[in-house]
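Everything on this sheet refers to the single structure shown next.
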Amino acid sequence: MRKIIKLPLQTDVLEQLKAKQQRINNGEVKPKFDPSPRQRRIVTDSLLQAQKKLCCYCECAISQSTVHAHIEHFHEQSDYKDKIYDYDNFLLSCQGDIANDTVKMQCGHAKERSRHAKTSVDYDLLLNPMEDKADLFFYNASGIIESKSTEKADIDRVEYTCKRLNLNNPGLIEERVDAIERIEVALRDLSLTEQKNLIKILLDENQDKLEPFHSTIIDNFIFLLE
């Protein structure tokens, strides 16, 4: 899970969102997230840029289209009504497989309390992509997320996050393995110098768009640059 550093939101839109939140806080309107099309587009574009066109949780490829992504509230709207229009609470999450069964559901949609026996999120355990602890994930060669740390508290957070977001579901594991195998094939006939150059390009954080499953690539190929 990459740490996400937010970009400043367009000033007029930020002020409009704050005004909407104030109306909720004052009890003037029901606590519901209902931005205008323009507000949604500008927020989505800002998050896409910050996240390098990757889902905030699983790191699959996403786009501006709502078919591929949605504005995610890290702190659920049902739990934090005072953060419904808080830009600092926004991320961009993939849709998961919302047209299919719950086994394939993942990320923001999987986090909803309705999918966990109506149990609210434990925010002390759930890893936040906007915080430093986001780097506790280790993506092994089998496509499974483990904890980089041996501390029990860290292991608990990794395990809870993977369970709550369904990040170790078979579909995602397979996609991570596929990403690893594609790069292994690309490296096969290259010299060591060429291999290093390719990995440098794939891992370059200055790109507008990162390779899907970026952290998986780091954990499995960074050794070539060490």
Side-chain angles (χ1 to χ4, degrees), residues 1-4 51-63 68-70 72 74 91-112 115-116 125-152 154-190 195-196 198-205 207 209-226:
M1 186 184 293
R2 293 180 64 250
K3 181 178 179 182
I4 295 168
Q51 296 176 203
K52 307 288 186 176
K53 297 183 173 59
L54 300 181
C55 172
C56 61
Y57 297 129
C58 75
E59 298 186 11
C60 73
I62 56 176
S63 72
H68 297 103
H70 67 276
E72 159 76 355
F74 178 78
L91 293 161
L92 209 60
S93 173
C94 70
Q95 294 286 51
D97 196 350
I98 59 176
N100 212 312
D101 55 69
T102 55
V103 173
K104 295 183 179 180
M105 182 69 68
Q106 67 205 41
C107 301
H109 289 303
K111 177 161 68 73
E112 297 169 2
R115 303 186 186 281
H116 296 270
L125 285 176
L126 188 71
L127 289 171
N128 187 338
M130 295 174 283
E131 296 179 355
D132 289 335
K133 284 289 185 178
D135 66 357
L136 280 177
F137 280 0
F138 174 74
Y139 299 80
N140 69 28
S142 298
I144 298 171
I145 299 172
E146 302 173 333
S147 173
K148 283 184 179 178
S149 169
T150 57
E151 297 291 328
K152 184 180 184 305
D154 292 335
I155 294 172
D156 288 346
R157 293 195 73 184
V158 169
E159 289 181 348
Y160 177 82
T161 302
C162 287
K163 181 178 180 180
R164 190 80 198 197
L165 303 176
N166 198 19
L167 294 180
N168 272 331
N169 74 69
L172 277 177
I173 290 172
E174 183 178 352
E175 288 188 79
R176 294 184 196 117
V177 171
D178 286 346
I180 292 169
E181 290 179 348
R182 283 196 299 271
I183 295 173
E184 287 176 339
V185 169
L187 294 174
R188 191 169 295 159
D189 296 323
L190 301 181
Q195 289 178 346
K196 290 182 177 181
L198 176 59
I199 298 305
K200 283 180 182 178
I201 291 170
L202 292 176
L203 299 185
D204 183 4
E205 289 277 353
Q207 300 175 85
K209 179 180 179 180
L210 289 176
E211 195 75 13
F213 307 106
H214 180 76
S215 296
T216 299
I217 297 172
I218 291 177
D219 287 344
N220 286 275
F221 296 99
I222 193 68
F223 72 91
L224 285 169
L225 305 182
E226 294 173 345

Side-chain donor/acceptor of Arg2 to backbone N/O of Cys56, under 3.5 Å:
no

Test side chain to side chain contact (heavy atoms under 4.5 Å, CB included) on Leu210 and Asp204 and set out the steps.
CA-CA 8 Å; Leu210 289 176; Asp204 183 4; over 6 Å; no

Flag for Glu72-Tyr57: side-chain donor and acceptor within less than 3.5 Å
yes

Straight-line distance of Leu187 CG to Leu224 CG, nearest 0.5 Å
6.5 Å

Distance check, rounded to the nearest 0.5 Å: Ile62 atom CD1 versus Cys107 atom SG?
9.5 Å

Identify whether the distance between the nearest side-chain nitrogen and carboxylate oxygen of Lys152 and Asp156 falls below 4.0 Å.
yes

Contact between Phe213 and Cys60 at the side-chain level, heavy atoms closer than 4.5 Å - yes or no?
yes

How about Ile222 and Ile217: do any of their side-chain heavy atoms sit closer than 4.5 Å?
no

Minimum heavy-atom separation for Ile180 to Ala141, with atom names?
CD1-O, 3.8 Å

Looking at Leu127, is its backbone amide N or carbonyl O close enough to the side chain of Thr161 to form a donor-acceptor pair, meaning the two atoms are under 3.5 Å apart?
yes

Main-chain N/O of Thr216 paired with Asn220 side-chain donor or acceptor, under 3.5 Å:
yes

For His70 and Leu92, indicate whether the former's side chain and the latter's backbone hold a donor-acceptor pair under 3.5 Å.
no

Looking at Leu190 and Gln195, what are the two nearest heavy atoms and their distance?
O-NE2, 3.5 Å

Please check: side-chain N/O of Asn169 versus main-chain N/O of Asn166, any donor-acceptor pairing under 3.5 Å?
yes

Are more than 12 heavy atoms from other residues, nucleotides or ligands located less than 6.0 Å from atom CD of Glu184?
yes

Please walk me through it: do Val158 and Glu146 pass side chain to side chain contact (heavy atoms under 4.5 Å, CB included)?
CA-CA 7 Å; Val158 169; Glu146 302 173 333; over 6 Å; no

Could you measure the distance from the CE atom of Met1 to the CD atom of Glu131? Nearest 0.5 Å is fine.
11.0 Å

Interatomic distance, CG@Asn140 vs CG@Asp219, rounded to 0.5 Å, equals 9.0 Å

Closest approach of Ser149 to Leu136 (non-hydrogen atoms, all atoms of both residues)
CB-CD2, 4.0 Å

Is there a side-chain contact between Asn168 and Arg176 (heavy atoms, below 4.5 Å)?
yes

Just wondering, do Phe74 and Pro129 contact through their side chains at under 4.5 Å, heavy atoms?
yes

For the pair His109 (side chain) and Leu165 (backbone), establish whether a donor and an acceptor sit closer than 3.5 Å, ignoring hydrogens and angles.
no

Step by step, would you call Asp178 with Glu174 a side chain to side chain contact (heavy atoms under 4.5 Å, CB included)?
CA-CA 6 Å; Asp178 286 346; Glu174 183 178 352; 4.0 Å; yes

Tell me if a side-chain donor or acceptor on Gln207 pairs with a main-chain N or O of Ile201 at a distance below 3.5 Å.
yes

Under 3.5 Å, is there a donor-acceptor pair between the side chain of Ser142 and the main chain of Ile144?
no

Ignoring hydrogens and angles, tell me if any N or O in the side chain of Arg115 forms a donor-acceptor pair with the backbone of Ala110 under 3.5 Å.
no

Under 4.0 Å between a Lys/Arg side-chain N and an Asp/Glu carboxylate O for Glu205 and Lys52?
no

Can you classify the ring geometry of Phe223 versus Phe221 as parallel (below 30°), tilted (30 to 60°) or perpendicular (above 60°)?
parallel

From Leu91 atom CG to Met130 atom CE, the distance as rounded to the nearest 0.5 Å
4.0 Å

Looking at NZ of Lys111 and CG of Leu167, how far apart are the two atoms once the value is rounded to the nearest 0.5 Å?
11.5 Å

Is the NZ atom of Lys209 crowded by more than 12 outside heavy atoms at less than 6.0 Å?
no

Does any donor atom in the side chain of Ser215 or Glu59 lie under 3.5 Å from an acceptor atom in the other side chain?
yes

Go through it in stages, so that I can follow the logic: the residues are Gln106 and Cys94, the test is side chain to side chain contact (heavy atoms under 4.5 Å, CB included), and I'd like the CA-CA distance, side-chain angles, deciding distance and then a yes or no.
CA-CA 8 Å; Gln106 67 205 41; Cys94 70; 3.7 Å; yes

